[in-house]
Amino acid sequence: MLRKFVTTLIVTLCATGIGDAVADEKGTLMFSVYGNYGSWNADSIDNSGGQSMVYSQLVYDASSWGASVTMTYASTSYDTIQSDNSFNVSGLTDTVIGTYYSAKINDVSIRAGVDLIVPTGKNSFPLDERQSMITDDVNSDLMLLNHFGGGLSFRPHVIAAVKRGRVAWAAGFNYLVSGSYDTSGDLENDTYDPGDKLVAVISANIDTGDDQFALVTLSFTTAGRDTLDGDDIYRQGDVVALEARYVRNWFDLFKGTLGGKISMQGKNDIVGTDNSITSETGNSNGNIMEIFFSGRRRVASDYSLTGVLGTKHVAANSYSMGEGLADAGRDVVYLEPGLIWIVDSKAYVTAKLRYATVSDYQDDFSPEDARYNVITLEVGMVYSF
């Protein structure tokens, strides 16, 4: 159980793709491949688009050490009333090469590694393409992928876990050292260097008895300043997030998880009227609250049905209409039925269909309240050699 707990925290820290979620399966060599297709449209305004992806991971796990390679191919296309042109991009995103080493010192389990992020994706867009991009935060609820490439980067990460009585404690961090890159290709003096980013996590896995447990995770994210051709232009506000999950067998052959998450982000630093970077006059980041219930019901020895039902609320930020940074917030409701098929001792297949409604309220991005319908289908396979 302690190793599974550590793996869960590694996913939280590294977020390198769905393959990480299967890195705890038995076998020294594992290959996973997932295909995903999503489409979205708004009822009241002429905004619509779609995205398809194929992402795969190869993992070698030698118990005390391991390595992985994660690759994603994505095709994204959409039209919005905010732009005269369609946005279209297809190709590989950045490739992640991960490594780790694990050890146990007395009763403390330690896992450390470094991820190398290789710039195989598209990180340079001409001015007309950049103007066609959706920059409003609603894009995160419409598409899985909104960042297509960056510079050569690396990310060391460390996590330690120990069990005391009925509680397994874990703490760790990752530190992303971001590489610079040319953002446009058609302009001079536009070398963009994202600020480095630190994510720290502390978590408690509480055994509440009778095959049930609670997981509480507190995370903190802070970033350095972004620069353009050496000049400071932006710094993302610090983010504090608290997530709690309660997992139990609710009845025979059904395991369910009730969860919730609250995320709060501070003011960003932006370039002011005097061309110096300073804290925002208001907070352009709305607080986020999410509640969900997920379950898995085994219907045969090799089949299980899965499902997720949830809602998310993004609060309005501190700016008023017309101030440029105003965001009136949004509400999301989603339903995700799925299944898992255990092919044999070495392979399984998953499938899920997600339907979500995103109510995005009138602000400086949307000229009126807009209700988006989002449909996403994903099919995947994991094979252990």
Side-chain donor-acceptor pairs of residues 145-154 under 3.5 Å, sequence neighbours excluded:
unit_1	atom_1	unit_2	atom_2	d
Asn146	ND2	Asn139	O	3.1
Asn146	ND2	Met143	O	3.4
His147	NE2	Gly149	O	3.3
Ser153	OG	Gly151	O	3.0
Ser153	OG	Gly179	N	3.0

Shortest non-hydrogen contact between [X] and [Y], atoms and distance:
| X | Y | result |
| --- | --- | --- |
| Val59 | Ser68 | CG2-CB, 3.9 Å |
| Ile45 | Glu368 | CG2-CG, 3.7 Å |
| Ser63 | Ser102 | O-OG, 3.1 Å |
| Asp363 | Ala326 | CB-O, 3.7 Å |
| Ala160 | Val108 | CB-CG1, 4.1 Å |
| Arg130 | Ser184 | NH1-CB, 2.8 Å |

Are the side chains of [X] and [Y] in touch, meaning some heavy atoms are under 4.5 Å apart?
| X | Y | result |
| --- | --- | --- |
| Tyr175 | Val158 | no |
| Asp43 | Asn41 | yes |
| Leu92 | Met71 | yes |
| Asp232 | Thr227 | yes |
| Ser124 | Tyr181 | no |
| Ile134 | Phe365 | yes |

So which residues get pulled into [X]'s cluster when ILVMFWY side chains under 4.5 Å apart are joined, directly or through others?
| X | result |
| --- | --- |
| Val314 | Ile288 |
| Met321 | none |
| Phe293 | Tyr246, Trp250, Phe251, Phe254, Leu258 |

Thr222 versus Asp238, side-chain donor and acceptor atoms under 3.5 Å:
yes
With a 3.5 Å cut-off and no angle check, do the side chains of Asn88 and Ser77 form a donor-acceptor pair?
yes
Roughly how far, to the nearest 0.5 Å, is [atom2] of [Y] from [atom1] of [X]?
| X | Y | atom1 | atom2 | value |
| --- | --- | --- | --- | --- |
| Tyr78 | Gln51 | OH | CD | 9.5 Å |
| Leu339 | Arg297 | CG | CZ | 14.5 Å |
| Phe125 | Thr183 | CZ | OG1 | 10.5 Å |
| Asn47 | Asp79 | CG | CG | 8.5 Å |
| Thr217 | Arg245 | OG1 | CZ | 8.0 Å |
| Thr357 | Trp40 | OG1 | CH2 | 15.5 Å |

Count the heavy atoms belonging to other residues, nucleotides or ligands that lie under 6.0 Å from NZ of Lys197, then report whether that count exceeds 12.
no
For a side-chain hydrogen bond (donor to acceptor under 3.5 Å, both in side chains) check, start with the C-alpha distance between Asp211 and Asn249, then their side-chain angles and the critical distance, and finish with the verdict.
CA-CA 7 Å; Asp211 197 25; Asn249 289 324; 2.4 Å; yes
From Asp136, Asp141, Asp360, residue fulfilling salt bridge (charged side-chain N to carboxylate O under 4.0 Å, His left out) relative to Arg330:
Asp141
Residues in salt bridge (Lys or Arg N to Asp or Glu O under 4.0 Å) with Asp364, at least two apart?
none
Contacts of Ala347 meeting side chain to side chain contact (heavy atoms under 4.5 Å, CB included) (sequence neighbours excluded), chain-then-number -> Val343, Asp344, Tyr383
Start with the C-alpha distance between Asn373 and Tyr355, add both sets of side-chain angles, then the distance that settles side-chain hydrogen bond (donor to acceptor under 3.5 Å, both in side chains), and finish with yes or no.
CA-CA 7 Å; Asn373 300 288; Tyr355 174 72; 2.8 Å; yes
Could you tell me whether Glu378 and Lys352 make a salt bridge, using a distance below 4.0 angstrom between a side-chain N and a carboxylate O?
yes
Please determine if Glu336 and Arg354 form a salt bridge, counting it only when a charged side-chain N lies under 4.0 Å from a carboxylate O.
yes
Donor-acceptor pair, Gln212 side chain versus Val247 backbone, under 3.5 Å?
no
Checking Thr95 against Thr120 for the side-chain hydrogen bond (donor to acceptor under 3.5 Å, both in side chains) test, could you report, in this order, the C-alpha distance in whole Å, the side-chain angles of both residues, the deciding distance, and whether it holds?
CA-CA 6 Å; Thr95 299; Thr120 52; 2.9 Å; yes
What verdict does the side-chain contact (heavy atoms from CB on, under 4.5 Å) test give for Val216 and Leu242, after you've listed the backbone C-alpha separation in whole Å, the side-chain angles of each residue and the deciding distance to 0.1 Å?
CA-CA 7 Å; Val216 181; Leu242 177 65; 4.0 Å; yes
Going through the distances and angles, do Asn268 and Tyr234 end up as a side-chain hydrogen bond (donor to acceptor under 3.5 Å, both in side chains)?
CA-CA 7 Å; Asn268 303 323; Tyr234 179 80; 3.2 Å; yes
According to the interplanar angle, ranging from 0 to 90°, do the rings of Trp65 and Tyr60 count as parallel (below 30°), tilted (30 to 60°) or perpendicular (above 60°)?
tilted
